[in-house]
Amino acid sequence: MNGRARAGLLLLVDLVAPAGLYYLLRAAGLGETAALLTCSLMPGAGMTLTFVRERRLDPVGLFMTGVTLAGAGLTLVTGSPRLILLKGALLMAAFGGWFLYSARGGDPVHGPRPMAMRLSRPLLEGWAVARWRPWDELWEHSPLFRRIWRVSTIIWGAGALADAAVRAVIAFALPVDLAVGLNGGLYALYSVLMLMIVNVYQVRAGLFDRRVYASAAPE
């Protein structure tokens, strides 16, 4: 299984499967708190699988497991199941902060690449975006190319922070049974909406226009 397929499987186990299990447990008559506490054990499954197979700890899985266990512990102390629901908000807040940090200033050429570029590169380089020139060369010689990926990263990061705020409201303002389903559905909504916004920006900014890069020369 390649890296992307493994990441997709772990995402399914960590984010989607718990919601399905929650509703099955509720249909079986389990209470809200007990059902959420049971589901909170699932995110650790992906991290455990990675550790057993590859003898390494997945940082994202470790973070999710830590947040989930903290929420479960607070729920046991306070008796409120809503603290477990904050896991999604904290995850998206960390995701947004990570993206925004990667788009920071510093050396414009030799500094770290923005996260949007790093994650898109395996999918787009060589066939969809400026396939006639290597991305490292474009990054070094084209200010427009660098700006597009920095702005794209900022858009993703800002969207994640907005998503985190919505999840926090859902966790405390809506019935728990409804909040569990909405939290799961928001991942799909966020992904589709952000892909649309980012792709519209990139098209308008010229990322897919060969003429933008044809004349790029060393600075």
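For the single chain, residues carry numbers from 1 onward in sequence order.
For Leu25, the side-chain contact (heavy atoms from CB on, under 4.5 Å) criterion is met by Leu21, Leu30, Ala35, Thr38, Cys39, not counting sequence neighbours.
The CZ atom of Arg113 sits 12.0 Å away from atom OG of Ser102, with the distance rounded to the nearest 0.5 Å. Put simply, CZ on Arg150 and CG on Leu100 are 13.5 Å apart, with the number rounded to the nearest 0.5 Å. For the atom pair CG (Leu178) and CG (Asn183), the distance works out to 9.5 Å, reported to the nearest 0.5 Å.
Within the structure, the salt bridge (Lys or Arg N to Asp or Glu O under 4.0 Å) test picks out the following pairs touching residues 153-172 (sequence neighbours left out): Asp163-Arg167. Pairs engaging residues 151-160 under the side-chain hydrogen bond (donor to acceptor under 3.5 Å, both in side chains) rule: Ser152-Gln202 [sequence neighbours left out]. Listed by first and then second residue, the salt bridge (Lys or Arg N to Asp or Glu O under 4.0 Å) pairs involving residues 174-191 are Arg26-Asp177 (not counting sequence neighbours). Residue pairs meeting the salt bridge (Lys or Arg N to Asp or Glu O under 4.0 Å) criterion with at least one member in residues 191-206: none, sequence neighbours excluded. Listed by first and then second residue, the salt bridge (Lys or Arg N to Asp or Glu O under 4.0 Å) pairs involving residues 30-41 amount to none (not counting sequence neighbours).
Ring-plane geometry between Phe99 and Phe95 is classed as tilted, the angle between the planes lying from 30 to 60 degrees on a 0 to 90 degree scale.
Judged by distance alone, the side chain of Arg121 and the main-chain N or O of Arg118 form no donor-acceptor pair under 3.5 Å.
Partner Ile170 forms a side-chain contact (heavy atoms from CB on, under 4.5 Å) with one of Leu186, Val180, Leu85 and no other, that one being Leu186.
No continuous path of hydrophobic side-chain contacts links Leu174 to Tyr187 [ILVMFWY only; heavy atoms under 4.5 Å].
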